[in-house]
Amino acid sequence: MSVQDTIRQTVTTNPVVLYMKGTPQFPMCGFSAGAVQILKNCGVPFAAVNVLEDPEVRQGIKEFANWPTIPQLYVKGEFVGGSDIMKELFASGELQKLLEGIEG
């Protein structure tokens, strides 16, 4: 299975996926830490993929969404955005609407 296939499978089998540097417990950059905090504030469970563990995934996720930075949020298989977009959507209430109905 290619890296792109693995990424596609991950984002389609998990309702909420955050590709990040580090883990939710130990984020390795401020942007990833902020993204985790936003999702925790929304109260939804999410799968986290640490891109630092696999250089192929780290590069592959940038190509998958045609988005150059990490973290990247996917909801119901769709790319939502990075940390800045997450902040804006959370502040406006749109992210909470997007995450409605997702439970652990």
Query raised in the report: Looking only at atom types and distance, does a side-chain atom of Ser32 sit under 3.5 Å from a main-chain N or O of Met28, one as donor and one as acceptor?
Result: no

**Report entry** Heavy-atom pair of closest approach, residues Asn50 and Gly22
**Finding:** OD1-N, 3.0 Å

**Report entry** Hydrophobic cluster membership, Val36 vs Leu52, 4.5 Å side-chain cutoff
**Finding:** no

Report task. Check the surroundings of atom CZ in Phe64: do more than 12 heavy atoms from other residues, nucleotides or ligands lie under 6.0 Å from it? Result -> yes

Query raised in the report: What do the steps show when you test Lys87 against Ile38 for side-chain contact (heavy atoms from CB on, under 4.5 Å), and what is the final call?
Result: CA-CA 7 Å; Lys87 279 182 199 159; Ile38 288 169; 3.7 Å; yes

Query raised in the report: Taking atom types as modelled, is there a side-chain donor on Ser92 or Glu94 under 3.5 Å from an acceptor on the other?
Result: yes

Requested in this report: For the residue pair Lys76 and Ile102, establish whether any side-chain heavy-atom pair is separated by less than 4.5 Å.
Outcome: yes

Report summary line: Output for pair (Lys21 NZ, Ile70 CD1), nearest 0.5 Å, gives 6.5 Å

Query raised in the report: Between Val16 and Leu73, is any pair of side-chain heavy atoms under 4.5 Å apart?
Result: yes

Query - Spatial distance of atom CE (Met86) from atom SG (Cys42) [nearest 0.5 Å] - result: 7.5 Å

Query raised in the report: Considering only heavy atoms from C-beta outward, does the side chain of Val51 approach that of Met20 to under 4.5 Å?
Result: no

Query - Any Ile61 side-chain heavy atom under 4.5 Å of Trp67 side chain - result: no

Query raised in the report: What's the shortest heavy-atom distance between Val3 and Gly60, and which atoms?
Result: CG1-CA, 4.0 Å

Query raised in the report: Are Gln59 and Glu63 close enough that a side-chain donor and a side-chain acceptor fall under 3.5 Å?
Result: yes

Query - Minimal non-hydrogen separation, Pro27 against Pro24, with atom names - result: CD-O, 3.6 Å

Query - Heavy-atom neighbours of Asn66 CG exceed 12 at 6.0 Å - result: no

Query raised in the report: Looking at side-chain heavy atoms only, is the closest gap between Gln9 and Met1 below 4.5 Å?
Result: yes

Report task. Ignoring hydrogens and angles, tell me if any N or O in the side chain of Asn14 forms a donor-acceptor pair with the backbone of Thr10 under 3.5 Å. Result -> yes

Query raised in the report: Name the one of Leu18, Leu99, Leu89 that satisfies side chain to side chain contact (heavy atoms under 4.5 Å, CB included) with Val80?
Result: Leu89

Query - Other residues, nucleotides, ligands: >12 heavy atoms within 6.0 Å of Gln4 CD - result: yes

Query raised in the report: Got a donor-acceptor contact below 3.5 angstrom from the Gln96 side chain to the Phe90 backbone?
Result: yes

**Report entry** Closest non-hydrogen atom pair, Ile85 against Gly81
**Finding:** CD1-CA, 4.0 Å

Report task. Indicate yes or no: at least one non-hydrogen side-chain atom of Val57 is less than 4.5 angstrom from one of Val49. Result -> yes

**Report entry** Tyr19 side chain near Val11 side chain, heavy-atom distance below 4.5 Å
**Finding:** yes

**Report entry** pair Pro15-Val75: side-chain heavy atoms closer than 4.5 Å
**Finding:** no

